[in-house]
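Read through the structure below, which is laid out as structure tokens, and then see the notes.
Excluded from the calculations below are hydrogen atoms, water molecules and symmetry mates; all remaining heavy atoms, backbone and side chain alike, are included. By convention in this document, chain letters (A, B, ...) are assigned in the order of the sequence lines, proteins followed by strands, and residues within each chain are numbered from 1.
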Amino acid sequence: MATPNTPLWEVFIRSRNGLAHKHVGSLHASDTTMALQAARDLYTRRGEGLSIWVVPSSAITASDPSEKGMMFEPAESKIYRHPTFYEVPDEVGHM
Amino acid sequence: MYTQALNTSDADDRPVEDATRAAAFQARIDAEERIEPNDWMPAAYRKTLTRQISQHAHSEIVGMLPEGNWITRAPSLRRKAALLAKVQDECGHGLYLYAAAETLGASREELVDLMLAGKAKYSSIFNYPTLTWADIGTIGWLVDGAAIMNQIPLCRCSYGPYARAMIRVCKEESFHQRQGFEIMVTLARGSEEQKAMAQDALNRWWWPVLMMFGPPDQASQHGDTSTRWKIKRFSNDELRQKFVDATVPQAQYLGLTIPDPGMKQNEAGNWEYSAIDWDEFKQVLAGNGPCNRDRLAARRKAHDEGAWVREAAEAYAEKRRHRQTAQAAE
Amino acid sequence: MAIASITVSETPLVLYTLRRADDALILGHRLSEWCGHAPMLEEDMALANMGLDLLGQARELYSYAARVEGKGNDEDKFAYLRDVRQYRNLLLLEQPNGDFARTMVRQFFYSAFADLYWRAMMKSADATLAAIAAKSEKESAYHLRHSSEWIVRLGDGTEQSHARAQTAIDHLWAFTGEMFEVDASERALIDAGVAVAPASLRPQWLKTVAGVVGEATLALPKSDWMQQGGREGRHSEHLGHLLSELQSMPRTFPGAVW
């Protein structure tokens, strides 16, 4: 008989104060409490973290890579959203 | 720790799924782009990677056993803590790798079941026994040394999750080889008995370690596809030579003799080693190494005896979900 | 055995420190026996982490005992060159791992105590013990958290896990009394503010233990008969086997450095 699947969780860790949580990997656990403890035991053995989030992998909705063009390319042409688009005379100094 | 080049690829022999997509995929690879889990990929690429990453993961987990054999007998508390931490790291590396394999669509449970059923391979090096404490030093020095040679190029592998797992593994493994070499240095500076112990361990491990890099290039059938897909960036023989060249001076430093009387340095500075006994390699891979049966039996025992624990955790989670639903309904 | 055991000048403070060091080493050793064999890989990580915490505590305590004793002993001599009769750990901690329920109940009973104990010891008049306590308290608090979660899951999991957890509790209960015992040498240290009176920790320990055991739908035994002897070196038969494995290298190769 095949082994039944234990739910998969995605782990996010904030490594230092002031930084955002960053995805570090995944693990298996039966429930939220055990997922959090497993994340601590697996992903912070070398003092990598100050805060952990665990999220059921099934709760993540991802964009479809085949729609990359529609999703992301339209933003690329909006160069006027970037400060370097605008000219400020040198004598004005830093702005 | 790693694994010989478990790099047989599946030839892309299915009816061409979508020639345009396949071409676009190869163009991305050629441009050194990383492939991510939801991206389109040829079925053979997925299958090859699932197999390679899961076998790499199995190797980490089975690899806990030979060194684990000495945790309870480590000769000092400092060594004991370092060894326990190291073997635990191997477990962590197995977990990172299973997670990477799962992004390709297989579940860890399926992959583990294949290994327990004897249908998936793991690195043959772990089918050799650890007889003395010097074996622990030698494994760290040589087996981890060979692993690092293999794993560093994998940090640039085309598949994003595998490459990221390898970066983490390499970062953590930097202490493993040093830990092993320190044990060897201590033995080399010790009594005659300790020196003999170190030499004996080197004698037993040297050839199996060279086999870790996989069959010689001319015998490896599918290297091409893996290379084209940038899963593999160096050939087995290239990595093996690099390893030998790095190791010989270390053995000299330790005052140990590499058990290859025919070995000599060529004009280019490379150390030429004698012929490797590939029959032994094939036998071990086929299940006839000194410890194959023990290793699988130990993993099966842990799996079977742990079943009731995993079931309890699932049953509790299920009850908790019911209670929460009932509460919410009130 | 090729090499003789050391002798230890067991002044009250040396003895007191060695007892706690032995607790940590023996339990840490037991946990390290699981490495590579746990019910799931995530739990392999957890057991090794707890084992490493305990090994770390043992090393600091042995080193301190060696400094206090001042007879040239060190952490490894204490660990590797004392015989079973010289070991001072609690009987509870040398009990074999058994199944996962047995291991977790042992951990839970001890961690529920150690958490309170180390927190109280942070106020020790002995600055070194207070510093070790500050580190150990955080570790023990996590061990308690982790083992408690397992007790609840095993107790309130399946019929089988419930039965195994209850058997483990029934089996190990008689070893819990020893945690709260003191002898004359310890009483003097308690009076001096160096040690804490463990009996004062028992009501809170019982409350924690009974709370988790209740949540787990398990029951504590009615019996109040308690085994003793570990603190004086009267051990179960299990410790000798553990030590013969633990000490095999230094005993086989006298004086060698590894």
Which bit of [X] comes within less than 4.5 Å of chain B, counting heavy atoms only: side chain, backbone, both or neither?
X	result
C:Leu55	side chain
C:Trp34	neither
C:Phe100	both
C:Ala38	backbone
C:Ala101	both

Out of [options], which one racks up the most heavy-atom pairs below 4.5 Å with chain C?
options	value
B:Glu314, B:Arg299, B:Glu182, B:Arg189	B:Arg299
B:Pro75, B:Gly306, B:Gly94, B:Ala312	B:Pro75
B:Ala313, B:Ser76, B:Cys91	B:Ser76
B:Ile61, B:Val87, B:Ile183	B:Ile61
B:Arg108, B:Lys301, B:Glu305	B:Arg108

Below 4.5 Å, heavy-atom pairs only: which of [options] has the largest tally toward chain B?
options	result
C:Glu75, C:Met45, C:Gln160	C:Met45
C:Asp76, C:Asp99, C:Leu25, C:Asp156	C:Asp156
C:Met40, C:Glu159, C:His162	C:Met40
C:Met249, C:Arg164, C:Glu42, C:Glu43	C:Arg164

Q. Which residues pass the side chain to side chain donor-acceptor pair (under 3.5 Å) test with C:Ser111, sequence neighbours left out?
A. C:Gln107

(Q) Under the rule for side chain to side chain donor-acceptor pair (under 3.5 Å), what residues qualify as partners of C:Trp173, not counting sequence neighbours? (A) none

Q.
Going by the rule side-chain contact (heavy atoms from CB on, under 4.5 Å), which residues pair with C:His238 if we only count those two or more places apart in sequence or in a different chain?
A. C:Arg30, C:Gln95, C:Pro96, C:Ser236

Q) Judged by atom type as modelled, is there a donor-acceptor pair below 3.5 Å linking the side chain of C:Glu69 to the main-chain atoms of C:Ser9? A) yes

**Q.** Flag, side chain of B:Asp135 to backbone of B:Ala201, donor-acceptor distance under 3.5 Å
**A.** no

Q. Is there any residue in residues 319-328 of chain B with a non-hydrogen atom under 4.5 Å from a non-hydrogen atom of chain C, and which ones are they?
A. B:Lys319, B:Arg320, B:Arg323

Q) Taking the six-membered ring of C:Phe78, is the NZ or CZ of C:Arg82 close enough (under 6.0 Å from the centre) and on axis enough (within 45°)? A) no

Q) So do the side chains of C:Lys135 and C:Asp53 get within less than 4.5 Å of each other, counting heavy atoms only? A) no

Q. What is the ring orientation for B:His58 with B:Tyr98, classed by angle as parallel under 30°, tilted 30 to 60°, or perpendicular over 60°?
A. tilted

